[in-house]
Each structure stands twice: as structure tokens, then as C-alpha cells.
Amino acid sequence: MAGTGIDTSILNKGAHSASYFDLARSAGEGADIVDFCIPCNPYFPTPEMFDELSRDLKNILKYYPSDSMGITKKLSSVLGLHPQTVAMANGSTELITWIDHLLIKESIAIPIPTFGRWTDQPLETGKRVDMFPLQEREGFRLNLDDYVRFIRERKSRVAVICNVNNPDGNYIPRRDVIRFMDMLGDLDLVVVDESFIDFSDAEQYPSVGPDAVIRPNTVVLKSLGKNFGLHGIRFGYMLANPAIAGKIGKALPKWNLNSLAEKVVFMIQEHEDEYEDSLRLLSRDRRQMAGSWPGCPA
């Protein structure tokens with residue numbers, strides 16, 4: 001990055017990339033920055049949606065949002081979910097934090113490489129993190145039977161999988177994830193992080209959210225920022241049976257969601273067609289990339 005004027009030391013602070021805003025301030029006015037790090041839908045929201053947000057910006061910034069329960073009820077209505085099975089938060093990372101504090105008591109198993117907060121967060125609170133290494137020679141694919149044996153050998157009390165996994169993009173078929181949940185029905189908790197699942201077109205209905213809410217120990221995480229192309233809003237939600245969802249929901253602050261998140265939640269229903277179009281364009285791009293680079297997962 002020589003000659004850009006950017007202080008490259010900001011790229012080496014911690015496990016995560018520097019923010020767009022850190023880079024922009026370092027580069028100075030007029031710098032053109034392209035983000036190749038954060039997976040984010042480039043086709044949504046549409047320019048017309050951004051225009052609508054701009055028109056409402058004064059009120060969005062000036063007034064208090066509705067409480068989290070009201071926004072969660074609206075999201076549940078839009079997505080066809082029962083509100084008692086949903087807890088909505090300031091990004092899925094906030095939910096990972098509360099899951100760690102409230103539901104993880106001793107130990108957690110997690111395949112690596114994966115999203116760093118699944119290892120970092122429980123380590124920060126003194127939990128034992130049992131890391132199951134994925135092999136490069138196998139394309140970093142997760143063998144669920146081997147992983148379950150590892151969990152039993154380590155006597156892990158919580159198990160996590162990310163589907164689609166970050167950063168390798170591997171996808172586990174829905175029927176196999178359901179089998180995995182059932183094999184571990186005796187654990188304290190099984191978490192399926194589906195933050196990137198809307199980017200997958202491997203199956204028509206890839207999510208195990210409907211299956212999680214009828215099981216006693218299963219949580220499914222969803223990140224809205226990635227698939228809606230709005231990382232800056234920080235909103236996501238979890239699905240679980242009412243006992244687990246209620247426990248997390250009661251711990252969340254009353255106004256943990258901002259007015260911009262509320263505005264977008266109420267816009268989603270009106271722009272469902274545009275969102276589906278954006279996913280089709282992403283699928284097209286992914287297949288084109290896979291076709292030009294044999295090592296890229298389709």
C-alpha cells in the first residue's frame with residue numbers, strides 16, 4: 001500500500017480487519033476504498049431504498065426507536081416467525097456475547113477456521129474452547145461424524161457449527177445439520193450460526209431455524225447486515241425455543257436496536273422482490289467466479 005498515504009499499522013490490530021472508517025480517515029479526503037474483506041450484499045438495498053432512507057434521515061436520527069420487543073414482533077411478522085422464538089440484537093456478535101454469558105458454563109467445541117468471535121468470546125470469559133481443526137487438504141470441509149466424536153472425546157458441553165462457514169464458504173446440507181442436532185440432544189447447547197446462509201442456493205430451504213425452535217437445546221443465529229448489505233446498522237436475530245429465546249431476550253437492553261434498524265425492518269416487506277433479485281445476482285457472480293477459478297467453492 002506504499003504511496004497510498006494509509007498508515008498500514010492499522011491493518012495489524014487484532015484478528016479483524018480495520019474498519020472502512022479507520023482506513024478512510026487514514027487515507028484522507030477523496031480516497032477511493034474498495035472493501036474485499038467483509039462479505040456483504042452489493043446489490044441491496046437498491047438506490048431507491050437509499051433515497052427513501054435519506055429522506056427519513058432527520059427523523060431516524062432525531063427520535064427514539066421503538067423498544068426491541070416491538071421491532072422483533074415486526075421482524076417476526078415479516079419473516080413468518082413466532083415472536084416468542086425470536087430474540088433480536090445489535091448484530092449477531094451481541095448475541096454471541098449473551099450466549100456465552102448466559103448459556104455456556106464450562107466448555108465449547110468449534111471447528112476452525114471459522115468466525116473469530118466463536119473462539120475469542122468464550123476464551124475472554126475463561127471457558128475451555130475445544131478447537132476442531134479443519135484440514136486444507138480436504139478443502140476445509142467439516143465431517144460431522146468426526147466432529148461429534150471429537151466433542152464426545154473432549155466432553156464439550158456446547159457445540160457450534162457455522163453454515164455456511166466463514167471464511168471457506170463450505171455448506172452442510174440441511175438434513176445433515178438436523179442429524180447433527182439430534183446426535184447432540186444431551187448437550188447444554190447446540191448452536192448453528194447461519195449468518196451467511198442466505199448467500200447459499202444449494203437447497204431451496206437451507207435453514208434449520210424451524211427445526212431449532214422445537215428442540216430443547218438448539219439455537220440458530222442469523223445476521224441481517226450481511227445479506228441486506230447494511231453492516232453499519234448492526235442487526236441480527238436468533239431462533240430458539242421460547243425458554244431459550246426468552247432468557248436471551250430478557251437480558252437484552254430495552255432499546256438495543258437503533259431507529260435505522262427499525263426503519264429497515266419495516267421496509268423489508270415492501271422490497272422483498274428486490275431482495276430476491278439481489279440474491280439471484282449474487283448467485284450468478286459466485287458461479288462465474290467458480291468457473292474462472294477451479295478452487296473456489298460454488
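The heavy-atom pair separating Pro206 from Tyr171 by the smallest distance is CB-OH, 3.2 Å. When every heavy atom of Ala87 is checked against every heavy atom of Leu95, the shortest pair comes out as O-CD1, 4.1 Å. When all heavy atoms are compared, the tightest approach of Val164 to Ser200 is CG2-CB, 3.8 Å. Nearest heavy-atom pair across Gly229 and Pro45 is O-CD, 4.0 Å.
Ionic pairing of Asp188 and Lys105 is not present here: no N-O contact between side-chain nitrogen and carboxylate oxygen is shorter than 4.0 angstrom. At a threshold of 4.0 Å, the pair Lys74-Glu262 does not count as salt-bridged, since none of the basic side-chain nitrogens sits closer than that to a carboxylate oxygen. Salt-bridge annotation for Glu124 and Arg117: present, with a side-chain N of the basic residue lying under 4.0 Å from a carboxylate O of the acidic one. Residues Arg157 and Asp130 are not paired through a salt bridge, judged by the lack of any N-O separation under 4.0 Å between the basic side chain and the carboxylate. A salt bridge is absent between Arg179 and Asp182: the closest approach of a Lys/Arg side-chain nitrogen to an acidic carboxylate oxygen does not fall below 4.0 angstrom. Under a 4.0 Å N-O distance rule, the pair Asp193/Lys222 does not qualify as a salt bridge. Between Arg152 and Asp186 there is a salt bridge, since at least one side-chain N of the basic residue sits less than 4.0 Å from a carboxylate O of the acidic one.
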*Carefully, step by step, assess Leu142 and Tyr147 under the rule side-chain contact (heavy atoms from CB on, under 4.5 Å).*
CA-CA 7 Å; Leu142 174 61; Tyr147 183 37; 3.8 Å; yes
_Steps toward side-chain contact (heavy atoms from CB on, under 4.5 Å) verdict (Asp201, Arg287)_ = CA-CA 11 Å; Asp201 58 3; Arg287 294 182 186 284; 3.1 Å; yes
*Take Met238 and Val220 through the test side-chain contact (heavy atoms from CB on, under 4.5 Å) and record every step on the way to the result.*
CA-CA 6 Å; Met238 60 170 273; Val220 168; over 6 Å; no
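Checking side-chain atoms of Asn256 against main-chain N and O of Asp67 turns up no donor-acceptor pair under 3.5 Å. In this structure, Asn41 contributes its side chain and Asn227 its backbone to a donor-acceptor pair below 3.5 Å. Of the possible polar contacts, none joining the Asn166 side chain to the Phe115 backbone as a donor-acceptor pair under 3.5 Å is found. Of the possible donor and acceptor atoms, none in the side chain of Ser92 sits under 3.5 Å from a partner among the backbone N and O of Phe235. Here the side chain of Thr114 pairs no donor or acceptor atom with the backbone of Ile110 at under 3.5 angstrom. A donor-acceptor contact shorter than 3.5 Å links the side chain of Glu194 to the backbone of Val208. Judged by distance alone, with hydrogens and angles left aside, the side-chain atoms of Ser76 form a donor-acceptor pair with the main-chain N or O of Thr72 at under 3.5 Å. Panel note: side chain Ser77, backbone Lys73; no donor-acceptor pair is recorded below 3.5 Å. In terms of modelled atom types and a separation under 3.5 Å, the side chain of Ser207 and the main chain of Gly209 share a donor-acceptor contact.
Neither side chain, Arg234 nor Asn90, offers a donor N or O lying under 3.5 Å from an acceptor on the other. Residues Asp198 and Tyr275 bring a donor and an acceptor atom of their side chains to less than 3.5 Å of each other. Side-chain N/O atoms of Asn165 and Asp168 include a donor and acceptor closer than 3.5 Å.
By the 6.0 Å and 45° rule, Lys226 stacks over the aromatic ring of Phe196.
Remark: Phe150 CZ to Leu144 CG distance equals 14.0 Å, nearest 0.5 Å.
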